[in-house]
Amino acid sequence: MTTNPIRVRFAPSPTGYLHVGGARTALFNWLFARHHGGTFVLRIEDTDDARNTGAAVRVIVDGLRWLGLDWDEGPGAGGDRGPYFQSQRGGIYAEYLDRLKTSGHVYEDGGSVRFRLPREMVVVPDLVCGDVAFDLSDAAIHPDPTIRRPDGSWIFHFVNVVDDAAMGITHVIRGEDHLSNTPRHIALYRALGIAPPHFAHIPLILNPDGSKMSKRDTGAALESYQTGGYLPEAVVNYLCLLGWSPKDNREKLATEEVVRLFDLANINRKGASFDAAKLDWLQGEYARELSDDRLVALGRAALEEAGVRPEGFPEDFVRAALLTCKGKFRFARELPAYAGFYFTDELSCDAEAVAKHFVAANRPRVEALRERFAGLPAFDCASVEAAIKECAASQGVKAGVLVHPVRLACTGATVGPSLYHLLEVLGRDKVLARMDRALASQWP
RNA sequence: GACCCUAUCGUCCAGCGGUUAGGACACCGCCCUUUCACGGCGGUAACACGGGUUCGAAUCCCGUUAGGGUCGCCA
């Protein structure tokens, strides 16, 4: 009763893809709504028949859901201010057009209908940009905008304003590309006798070279992150940092934390270049924190996709194998190369590493270790580690001298999970077999 | 072209009249270490330019330049 409840909306056009800038606009709207306990509305702007409203809408819905941005009203969520598809709101537009006709704010021109712009100064009180003044007095510079075509279809600027008004939107948070259109929108509200909402124009997302990121540019489609193996929390975190900051130099922030801190006043006015390297860093930060279950699910899928066949192995083995990789990767797609050795006995050893580690001097050392492994009462991580260290000590060498050849013999690579852990997971039989095989070759 | 927005390291941010101009990513060293990754330490690197205002300007004002946006019967 004391204040109007906040209502914001994300109003994408179903073009078949969701632009990463659009995703951030949705995110900022969502953050604003959640911060203030307001309502987040999803409205589909499908006035153009040419736009596919089936699969194209699904791309938007899937993208928003993936990011975790839930809407309170809109497709699939219901709401009493619908319909939430512009294609279904023709009656409402006709009604508002009548109001403008009655008040003398529109006129016909070649079959279409134009809105008579007031020839005056219009100030846009923008929550991000401050007061921005536009002089609409010259009709040659600001011609009366069309709001309805001869075929009866509606023009964006009109329906956008009507919908925001009819849906009780209190704050219009959108891309800066709309700032120059806003005086016309404000004029429309006034002609309708409705108080304009608050406006907040957020800066655009740019390509690394500073140009506007548009449809065709790399990384422009949110879907590329979904299919690219990114963790949604990493993408959300990164997007939050593009044009907004908590002001305390923190970079990694949980979404709930951003909801708590988010404020339109803290939004930057400068366009921001998309920095894929920083996103990837955050991806690594979140990958490190993956729960065991999620890591295993992601890892299994990645193995299958790469043609590594984990299904022939016991569930516990796959799980244990994948978990030895925790904290070591950014993208699940790195796992087949990193942990593939668990699932095949045909290791292709790195030639350079072989030349370095399978040297004559190491051979007796590895043989001794092999015998020690064979006699171990238990073949677990701790025993294996102790065995290697004791063996190295008795031979008067550092553990590394044994570690490297064993790793190479058992995994075929010089990089991989912790040796002690991977040996335990691999199991004594396979470890001994792989060491024997390596020992059977020539060690120059 | 007109109008509007913007201008701090390569990039993203901090700074809101007095700072050795800070952090993060990236990059380069060193350390830690069973490899890798992580982590730790250190380094390279910025106030676009020109005028003002002020005792004092990255911070305020004006201009220039540069970048972006808008000028549709696209959304």
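In what follows, chains carry the letters A, B, and so on, assigned in the order in which the sequence lines appear, proteins first and then strands, with residues in each chain numbered from 1. No hydrogens, no waters, no symmetry mates; every other heavy atom, side chains included, goes into these values.
When the P atom is used for both B:rU54 and B:rG69, the distance is 39 Å, rounded to whole Å. Separation of the P atoms belonging to B:rG51 and B:rG43 is 34 Å when rounded to the nearest angstrom. Using P as the reference atom, B:rG15 and B:rU35 are 42 Å apart when rounded to the nearest Å. Going from the C1' atom of B:rG42 to that of B:rA58 covers 26 Å, rounded to whole Å. Spacing of P atoms, B:rU19 relative to B:rA24, comes out at 23 Å, to the nearest Å. B:rU11 and B:rC30 have their P atoms separated by 28 Å, given to the nearest Å. The P atoms of B:rC47 and B:rC4 are separated by 29 Å, rounded to the nearest whole Å.
When heavy atoms are screened at a 4.0 angstrom cut-off, A:Ala133 is found touching the sugar-phosphate backbone but no base atom. At the heavy-atom level, A:His157 lies under 4.0 Å from base atoms of the strands shown. At a threshold of 4.0 angstrom between heavy atoms, the contacts of A:Asp177 are confined to the sugar-phosphate backbone, with no base atom among them. Using a 4.0 Å heavy-atom cutoff across all strands shown, A:Pro150 reaches at least one base atom of the nucleic acid. As judged by a 4.0 angstrom heavy-atom cut-off over every strand, A:Arg250 is placed among residues making no nucleic acid contact. Across all strands shown, A:Pro208 has no heavy atoms under 4.0 Å from either base or sugar-phosphate atoms. Residue-level contact check: A:His404 touches the backbone only, with heavy atoms under 4.0 Å from sugar-phosphate atoms and none from bases.
Because its NZ or CZ atom is both nearer than 6.0 Å to the ring centre of A:Phe28 and within 45° of the ring axis, A:Arg24 counts as a cation-pi partner of that residue. Taking the ring centre of A:Tyr96 as origin, the terminal cationic atom of A:Arg99 falls inside the region bounded by 6.0 Å and 45° from the ring axis.
Nucleotide B:rC55 is matched to B:rG18 when pairs are restricted to Watson-Crick or G-U wobble geometry with both distances under 3.5 angstrom. Across all strands shown, B:rG50 forms a Watson-Crick or G-U wobble pair, both distances under 3.5 Å, with B:rC62. Nucleotide B:rG72: unpaired (no Watson-Crick or G-U wobble partner with both distances less than 3.5 Å). Summarising the base pairing, B:rA45 is matched to no nucleotide, lacking a Watson-Crick or G-U wobble pair whose two defining distances lie under 3.5 Å. Nucleotide B:rC9: unpaired (no Watson-Crick or G-U wobble partner with both distances less than 3.5 Å). Across all strands shown, the partner of B:rC30 is B:rG40, judged by Watson-Crick or G-U wobble contacts whose two distances both fall under 3.5 Å.
Contact between the side-chain N/O atoms of A:Ser180 and the OP1/OP2 oxygens of B:rG69 is not found at any separation under 4.0 Å. Distances shorter than 4.0 Å separate some side-chain N or O of A:Lys270 from OP1 or OP2 on B:rU8. Contact annotation: A:Thr146 reaches the phosphate of B:rC73 (side-chain N/O to OP1 or OP2, under 4.0 Å). When the side-chain nitrogen and oxygen atoms of A:Thr47 are compared with OP1 and OP2 of B:rA75, one or more of them lie within a distance under 4.0 Å. Note on A:Arg114: a side-chain N or O is less than 4.0 Å away from OP1 or OP2 of B:rC73. Using a 4.0 Å cut-off, no side-chain N or O of A:Lys398 falls inside it from OP1 or OP2 of B:rU34. OP1 or OP2 of B:rA14 has at least one side-chain nitrogen or oxygen of A:Asn268 nearer than 4.0 Å.
Straight-line distance from the CZ atom of A:Arg184 to the P atom of B:rA75: 12 Å, rounded to whole Å. What separates CG of A:Leu204 from P of B:rA7 is a distance of 15 Å, to the nearest Å. Here the C1' atom of nucleotide B:rC71 and the CG atom of A:Asp144 are 14 Å apart, to the nearest Å. Atom-to-atom, CZ of A:Arg174 to C1' of B:rC5 comes out at 15 Å; the value is rounded to the nearest Å. Between the CZ atom of A:Phe199 and the P atom of B:rU70 there is a distance of 17 Å, rounded to whole Å. In this structure, CZ of A:Phe331 is placed 16 Å from P of B:rA37, rounded to the nearest angstrom. In this structure, NE2 of A:His421 is placed 15 Å from C1' of B:rC36, rounded to the nearest angstrom.
For A:Tyr93 and A:Trp154, the distance between ring centers is under 6.0 angstrom. Annotation: A:Tyr286 is not in aromatic contact with A:Phe331 [ring centroid separation under 6.0 Å not met].
Contact check for A:Phe10 versus A:Val41: no side-chain heavy atoms found under the 4.5 Å cut-off. Taking the side chain as every heavy atom from C-beta outward, A:Leu426 and A:Arg434 approach each other to under 4.5 Å. For the pair A:Leu322 and A:Pro310, the minimum side-chain heavy-atom distance is 4.5 Å or more.
For A:Trp281, counting side-chain heavy atoms from C-beta on, the closest listed nucleotide (B:rU11, B:rC25, B:rA14) is B:rC25. Minimum atom distance to the side chain of A:Lys278 is reached by B:rA24, of the listed B:rA24, B:rA75, B:rA26. Looking at the side chain of A:Phe134, the nearest of the listed nucleotides B:rU34, B:rC3, B:rA24 is B:rC3. Each of B:rU70, B:rC13, B:rA26 was ranked by its minimum atom distance to the side chain of A:Ala272; first place goes to B:rC13.
The stretch residues 232-244 of chain A comes close to RNA chain B through A:Leu241, A:Leu242, A:Gly243, each having a heavy atom under 4.0 Å from the strand.
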For this session: Could you please spell out the steps behind the salt bridge (charged side-chain N to carboxylate O under 4.0 Å, His left out) verdict for A:Asp280 and A:Arg330?
Result: CA-CA 7 Å; A:Asp280 287 358; A:Arg330 286 184 170 182; 5.2 Å; no
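Salt bridge present: A:Lys326 and A:Asp292 bring a charged side-chain N and a carboxylate O closer than 4.0 Å. In this structure, A:Asp151 does not pair ionically with A:Arg149, as no charged nitrogen and carboxylate oxygen lie closer than 4.0 Å.
Of the two residues near RNA chain B, A:Gly111 and A:Gly400, the one whose nearest nucleotide lies more 5' is A:Gly400.
Among residues at least two apart or in separate chains, side chain to side chain donor-acceptor pair (under 3.5 Å) pairs with a member in residues 114-126 of chain A are A:Asp109-A:Arg114, A:Arg114-A:Thr146, A:Arg119-A:Asp144, A:Asp126-A:His201.
With hydrogens and angles left out, the side chain of A:Ser418 and the base of B:rU34 share a donor-acceptor pair within 3.5 Å.
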